[in-house]
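Data first, discussion second: the structure below is written as structure tokens.
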Amino acid sequence: MNEETMETLAETGEDRPGPEERTRDAGGPGSRGSHAERRETTRARAFAAATDILHEVGYAGSSILAVAKRTGLSRGALAKQFPIKADLYAALVEQLLDEMRETALAHVRTFPRGLPRAMARVDAIWELYKHPPAFAVIEVMLGARSDPELSDRLARVGRSRYLIERELLASDFEDMGIVDRRTAGLATIQMLATVRGLALERILNKSSATLEAAFLMQRKQIETVLRDLMKAG
């Protein structure tokens with residue numbers, strides 16, 4: 001049992017709900033909505049605070065206590081959903097990746113099926129990685145290097161998201177008439193890794209013109225690979 005969990009279990013009476021809170025939790029006259037609604041509200045507040053803290057002090061400097069203080073929630077209430085920091089930040093990454101994917105999909109669906117849509121996806125991902133939510137994802141991923149519990153949870157998030165992305169890519173490759181989907185998939189993975197690497201470089205180096213040029217070079221390479229695979233059938 002780690003220190004954060006032990007501290008949570010040692011919560012003092014000030015974090016225990018009073019009579020009015022217990023009435024609301026039971027769905028009585030003072031109820032503030034269903035349990036599911038309260039749960040989602042808590043998650044939203046926790047994610048917003050966790051993201052702000054990431055930008056301020058990074059993953060290493062964050063904690064359940066800091067998030068609880070920022071949201072005004074008790075540690076006990078927050079710990080019901082996120083027993084330790086790794087649970088909170090893995091869930092945050094999962095939500096941010098889902099939101100980024102949906103944003104990209106909304107954009108690419110305005111393009112014709114086939115290569116135009118595939119390249120629009122590449123462009124959309126690059127644009128998304130210029131904004132704070134993507135920086136938060138990268139910050140948490142970097143934190144996993146020294147946090148085995150976070151690493152384990154992010155691995156599970158990665159596997160589930162990989163299955164979703166694989167289905168989406170399979171649809172793109174089918175539209176393009178690509179038979180060698182393994183090579184196409186590897187090229188896509190390479191592109192995503194490049195985008196994340198350039199996003200990290202953006203944090204360290206503000207030379208956006210250089211980064212844009214590097215992205216365009218990689219974009220041209222993947223487009224060439226996809227065109228060649230389309231010709232091969």
Side-chain angles (χ1 to χ4, degrees), residues 1-103 131-164 196 200 203:
M1 184 179 295
N2 62 34
E3 181 180 349
E4 203 163 47
T5 302
M6 291 176 67
E7 290 178 355
T8 299
L9 292 176
E11 284 288 324
T12 61
E14 64 183 5
D15 280 333
R16 295 170 186 163
E20 291 184 4
E21 289 173 296
R22 287 195 293 270
T23 298
R24 288 194 296 268
D25 289 343
S31 176
R32 294 180 177 175
S34 70
H35 173 72
E37 290 173 338
R38 293 196 302 276
R39 176 183 171 84
E40 287 307 308
T41 298
T42 296
R43 286 174 66 87
R45 292 169 63 185
F47 287 162
T51 301
D52 289 343
I53 292 171
L54 274 178
H55 293 314
E56 294 169 9
V57 298
Y59 179 79
S62 65
S63 68
I64 288 288
L65 179 59
V67 173
K69 287 182 176 180
R70 185 71 63 96
T71 59
L73 296 165
S74 70
R75 284 193 58 184
L78 197 56
K80 288 180 181 179
Q81 292 195 49
F82 310 109
I84 60 174
K85 182 170 77 169
D87 291 319
L88 170 60
Y89 281 97
L92 173 62
V93 166
E94 184 173 28
Q95 174 162 302
L96 291 177
L97 289 177
D98 286 347
E99 290 176 351
M100 291 167 65
R101 183 184 67 249
E102 291 305 312
T103 299
H131 300 285
F135 296 154
V137 170
I138 292 172
E139 181 65 46
V140 176
M141 288 180 170
L142 292 175
R145 295 175 303 166
S146 56
D147 187 334
E149 291 173 319
L150 176 63
S151 179
D152 178 66
R153 286 157 177 76
L154 286 183
R156 281 180 281 178
V157 171
R159 284 193 293 271
S160 65
R161 293 306 166 276
Y162 168 75
L163 294 175
I164 295 173
R196 285 176 175 166
L200 177 59
I203 297 174

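Heads up: numbering here begins at 1 and tracks the sequence.
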For residues 44-53, dump all side-chain donor-acceptor pairs below 3.5 Å to protein atoms at least two apart in sequence or in another chain.
{"residue": "Arg45", "atom": "NH2", "partner": "Thr71", "partner atom": "O", "Å": "2.4"}
{"residue": "Thr51", "atom": "OG1", "partner": "Phe47", "partner atom": "O", "Å": "2.8"}

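For Lys80 (side chain) and Arg39 (main-chain N/O), no donor-acceptor pair under 3.5 Å exists by modelled atom type. Using a distance-only test at 3.5 Å, with no hydrogens or angles considered, a donor-acceptor pair links the side chain of Glu139 to the main chain of Tyr59.
In this structure, the separation between CG on Leu154 and CZ on Arg159 is 10.5 Å, given to the nearest 0.5 Å. To the nearest 0.5 Å, atom OG1 of residue Thr42 and atom CD of residue Glu37 are 11.5 Å apart. To the nearest 0.5 Å, atoms OG (Ser63) and CZ (Arg75) are separated by 7.0 Å. The CG atom of Leu78 sits 10.5 Å away from the CZ atom of Arg43 when rounded to the nearest 0.5 Å.
The side chain to side chain donor-acceptor pair (under 3.5 Å) search around Glu99 returns Gln95, not counting sequence neighbours. Applying the side chain to side chain donor-acceptor pair (under 3.5 Å) criterion to Arg196, with sequence neighbours excluded, gives Tyr129. With sequence neighbours excluded, the residues that form a side chain to side chain donor-acceptor pair (under 3.5 Å) with Arg161 are Glu94, Asp98. Residues passing the side-chain contact (heavy atoms from CB on, under 4.5 Å) test with Arg145 are Leu142, sequence neighbours excluded. By the side chain to side chain donor-acceptor pair (under 3.5 Å) test, Arg153 pairs with Asp87, sequence neighbours left out.
Between Leu54 and Leu92, the closest side-chain pair of non-hydrogen atoms falls below 4.5 Å.
Closest heavy-atom contact between Lys85 and Ile64: N-CG1, 3.7 Å. Of all heavy-atom pairs spanning Ala144 and Ser151, the tightest one is O-CB, 3.7 Å. Nearest heavy-atom pair across Pro148 and Ser146 is CD-O, 3.8 Å.
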Candidate pair Tyr89 and Asp147, rule side-chain hydrogen bond (donor to acceptor under 3.5 Å, both in side chains), full reasoning: CA-CA 11 Å; Tyr89 281 97; Asp147 187 334; over 6 Å; no
